[in-house]
There are 2 protein chains.
Amino acid sequence: MPAAKKTSKTVAPPAPVKAATINDIARLAGVSKKTVSRIINRSPLVRQDTRERVEALMREVGYSPDPMARGLAFRRSFLIGMVYDNPTAQFIVNMQYGALDALRDSGFELVVHPCDSRSPGYIDGVRRFVQQQKLHGVMLVPRVSEDQALADMLGAIGCRYTRIAAVALDEPSRMVVTHDRDGAAEAADYLQSLGHRDLALITGPRSYRSAIERTDGFVGALVKRGIELPKARVVEAGYTFESGVAAAEKLLSGKRKPTAIFCGNDEMAAGVYRVALRAGINIPRQLSVVGYDDSPLASRLWPPLTSVRRDTRDTGRVAAAMLIQAEEGAGARPAASVRPHLIVRDSCQPPDS
Amino acid sequence: MPAAKKTSKTVAPPAPVKAATINDIARLAGVSKKTVSRIINRSPLVRQDTRERVEALMREVGYSPDPMARGLAFRRSFLIGMVYDNPTAQFIVNMQYGALDALRDSGFELVVHPCDSRSPGYIDGVRRFVQQQKLHGVMLVPRVSEDQALADMLGAIGCRYTRIAAVALDEPSRMVVTHDRDGAAEAADYLQSLGHRDLALITGPRSYRSAIERTDGFVGALVKRGIELPKARVVEAGYTFESGVAAAEKLLSGKRKPTAIFCGNDEMAAGVYRVALRAGINIPRQLSVVGYDDSPLASRLWPPLTSVRRDTRDTGRVAAAMLIQAEEGAGARPAASVRPHLIVRDSCQPPDS
DNA sequence: CTGAAAGCGCTTACAG
DNA sequence: CTGAAAGCGCTTACAG
């Protein structure tokens, strides 16, 4: 009773056109599925004309191999994990964009895994994540990238990983080094060149490698120019806006105020702005400020903040690319490297002495 | 020659303890693998004591089913996709946190898929993403959530999805409604209650549903209180800081300035702050400002910005939860709903008239 | 350079 | 409530 069709309550969904499989391709091309498999996996053991013929067919049919079937056979998925512990939103997002740049059209996808590195079971959580999903590899973002115990665990279970950190903490093939020391040194040189001699520094927590490197880079560059930074001019804060406010209050409450402050990140620099505003200290006339990150916040502040830019997106791209590149050949080459540089805006000028 | 061991250049990695499979569990428990499978899939057709015995065994061995094998057999992965087109970083990140809240310990993972909804092939790109990975479902975040063509495509290929939008654009079982109209109305009521009668509005692009809803909500609430908003007091901008600056310049250049401005988001509100600062207009004494989003920026600004908060994390949680909940039972229930509310800070006060 | 067989770890029908 | 057989779409040995 064909008329009944019309009375059915729900329209039948369009018959899902079953996607072609490796068997379809093999049959249509008149080769074995193993040959198709070789082509999928870029094996050189296929005659050129066979390869071209089959590839043309694959395009025509719109065939793409099933990652789950491949993963099951390979005992490894086509998933890259990104593990991080709560950096700023912009940093995470840029890192993700970068990773996806590298993964585009590779057949790999990005799975995100934020975690709390202060919670006791977090390494176990990452292990479960990696093992359950049989991840192809993971990107370790600061600050989890600095945790040697995490890296050791991944090594022990045989999981590929790349660590993004201020300095090389691991074999070159597993590192993307961001050279925070150089970025901070550039900030120091810049302030020095403007004529500042009485400087101050608000650092991130010393438990972060980035904070240590930025501090050392800044202090080292000043020393090289013959400028001493007294202990009282270095305040450790927490990389947050609020901690930046507290640190700035300490630094700007005395009678002899520094003429310039370098902050370990933009959030803390925003804290300095807040205190300066309340205290009636004009930036940059009475106080120069430099941040680190070149976050969107830097240009929202008034005056726009001079800040050290790190190309986070590029960093993420490199870290992900290393994970999906061929295993071999990575032996001898040096660690991947991303360099920061100063973006000059309007938050600094010579001290009016 | 056992001594040779010591001369090997690389230490052999610890024999990877092969993870237990469904077969191991079945054998150890003395049941068929099908019974184990039933337990994995929470089938009620298993005797209670059998279930408990097997589950204890699974915990003991640390067994967890291979998602790729399950996916291959189910013809569907255990991956949830999040598709979005460049909202602010904080919004994306909060949405991801929320989605992960819902996915935690569910066996599902979150795969991110930013895209450019103005590029011609973007719907095709999402389709390939969904079909290649055989995604279990996708979350559509504004503004791609507002694209009916995208939703239609997903419906056509039989892909589950949830749309997060200012109003219901689809069946209730597929919607998380954010009620932007109400949030904007609350802002209007607040400004009206302070005594403002000469108000202005900087909206996002009318191509965003959120912009329309916030506009209508704001204007509608004012009308209800007998306040008219002249055309010249409504400026359409682009949801960006720069566009906010341009809009504010237009609004604040005339001789008769509004006493309060409501902005479609915090970025544009930051633009208003910038213009006010340059023009020597004191916020809140001469100008009250309200934003939307309650982003971190809101509390970085000075004075801290009163803004409409939307609980983005919760929104993401709900959207993801809908995707992994049982199919049935979702029929009759109303669309999921998340309500915005005003966070009062220091950017508003009665007009000094 | 190419192929037939067996297997990756699960589930779906189909029986009982 | 439980199970034996076949299959999901690939790859890895092993032959030729």
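Please read all numbers here as calculations on a predicted model, not as lab measurements. Lettering follows sequence order; numbering is per chain, from 1. Computation of the quantities below employed the complete heavy-atom set of this structure, encompassing side-chain atoms and omitting hydrogens, waters and symmetry-equivalent molecules.
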Visitor: Taking only the side-chain heavy atoms of B/Leu72 (C-beta and beyond), determine which of D/dT11, C/dG3, C/dG9 contains the nearest atom.
Guide: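 Among D/dT11, C/dG3, C/dG9, the one nearest the side chain of B/Leu72 is C/dG9.
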Visitor: Name the pairing partner of C/dA4, where a pair is Watson-Crick or G-U wobble with both distances under 3.5 Å, or state none.
Guide: none
Visitor: Whole Å only: how far is the CD1 atom of B/Ile39 from the P atom of D/dC1?
Guide: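 It works out to 12 Å between those atoms.
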Visitor: Does A/Ser77 use its side chain to pair, donor to acceptor, with the backbone of A/Gly71 at less than 3.5 Å?
Guide: no
Visitor: Is the distance from OP1 or OP2 of D/dT11 to the nearest side-chain N or O of A/Ser37 less than 4.0 Å?
Guide: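 So the side-chain polar atoms of A/Ser37 do come within 4.0 Å of the phosphate oxygens OP1 or OP2 of D/dT11, strictly under.
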Visitor: What is the distance from atom OH of B/Tyr84 to atom CE of B/Met95, rounded to the nearest 0.5 Å?
Guide: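 Here the interatomic distance stands at 11.0 Å.
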Visitor: Write down the distance between CZ (A/Phe74) and C1' (C/dC10), rounded to a whole number of angstrom.
Guide: 19 Å
Visitor: Tell me whether the OP1 or OP2 atom of C/dA4 has a side-chain N or O from A/Ser32 closer than 4.0 Å.
Guide: no
Visitor: Check the distance between D/dT11's P and A/Asn23's CG and give it to me in whole angstrom.
Guide: 11 Å
Visitor: Nearest-nucleotide wise, let me know which of A/Pro44 and A/Lys33 is further upstream toward the 5' end of DNA chain C.
Guide: A/Pro44
Visitor: Identify the nucleotide, in any strand shown, that forms a Watson-Crick or G-U wobble pair with D/dA13, with both distances under 3.5 Å; if there is none, say none.
Guide: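 D/dA13 is unpaired by these criteria.
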Visitor: Of all the choices, D/dC10, D/dC8, C/dT2, which nucleotide is nearest to the side chain of A/Arg38 once you look at every atom?
Guide: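 Of D/dC10, D/dC8, C/dT2, C/dT2 is nearest to the side chain of A/Arg38.
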Visitor: Quick check on DNA chain D: between B/Thr50 and B/Lys134, whose nearest nucleotide comes earlier from the 5' end?
Guide: B/Thr50
Visitor: Quickly, which of A/Leu79, A/Ile324, A/Leu323 forms a side-chain contact (heavy atoms from CB on, under 4.5 Å) with A/Leu103? Name it, please.
Guide: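 The passing option is A/Ile324.
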Visitor: Mind calculating the distance between CD1 (B/Ile25) and C1' (C/dC10) to the nearest angstrom?
Guide: 13 Å
Visitor: Using 4.0 Å as the upper bound for N to carboxylate O, is an ion pair formed by B/Arg174 and B/Glu171?
Guide: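 Looking at B/Glu171 and B/Arg174, the cut-off is met.
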Visitor: Check if the side chain of B/Arg47 and the base of D/dT2 share a donor-acceptor pair of N or O atoms closer than 3.5 Å.
Guide: no
Visitor: Among D/dG9, C/dC10, C/dC8, which nucleotide has an atom closest to any side-chain atom of B/Ala69?
Guide: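 Closest nucleotide to the B/Ala69 side chain: C/dC10.
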Visitor: Check whether any side-chain N or O of A/Thr35 sits under 4.0 Å from OP1 or OP2 of C/dG3, and answer yes or no.
Guide: yes
Visitor: Rounding to a whole Å, what distance do you find between A/Leu45:CG and D/dA15:P?
Guide: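 Roughly 18 Å, once rounded to whole Å.
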Visitor: Hey, is the side chain of B/Arg70 poking within less than 4.0 Å of OP1 or OP2 on C/dT11, counting only N and O atoms?
Guide: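 Affirmative; the distance criterion is met.
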Visitor: Using 30° and 60° as the class boundaries, would you call the ring planes of B/Phe129 and B/His113 parallel, tilted or perpendicular?
Guide: parallel
Visitor: Would one find a side-chain N or O of A/Thr21 under 4.0 angstrom from OP1 or OP2 of D/dC8?
Guide: no
Visitor: Looking at every strand, decide which applies to A/Asn41 at a 4.0 Å heavy-atom threshold: base, sugar-phosphate, or nothing.
Guide: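 If one applies the 4.0 Å heavy-atom cut-off, A/Asn41 turns out to touch the sugar-phosphate alone, with no base involved.
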Visitor: Starting at CD1 of A/Ile22 and ending at P of C/dA4, how long is that distance when rounded to a whole Å?
Guide: 13 Å
Visitor: Counting the atoms with a prime plus P, OP1 and OP2 as sugar-phosphate, which does A/Phe78 contact under 4.0 Å by heavy atoms, base, sugar-phosphate, or nothing?
Guide: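 If one applies the 4.0 Å heavy-atom cut-off, A/Phe78 turns out to touch nothing in the nucleic acid.
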Visitor: Closest approach of A/Tyr63 and A/Ile40, non-hydrogen atoms and distance?
Guide: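 Minimum heavy-atom separation between A/Tyr63 and A/Ile40: OH-CD1, 3.5 Å.
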Visitor: Could you please name the option among C/dT12, C/dT2, D/dC10 that lies closest to any side-chain atom of B/Lys34?
Guide: C/dT12
Visitor: Expressed as a whole number of angstroms, how long is the span from A/Arg53:CZ to C/dC1:P?
Guide: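 Going from CZ in A/Arg53 over to P in C/dC1 covers 15 Å.
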Visitor: Where the side chain of A/Ala73 is defined as all heavy atoms beyond and including C-beta, which of D/dC10, C/dT2, D/dG3 is the nearest nucleotide?
Guide: D/dC10
Visitor: Rounded to the nearest Å, what distance is computed from the CD1 atom of residue B/Ile40 to the C1' atom of nucleotide C/dC10?
Guide: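 Roughly 8 Å, once rounded to whole Å.
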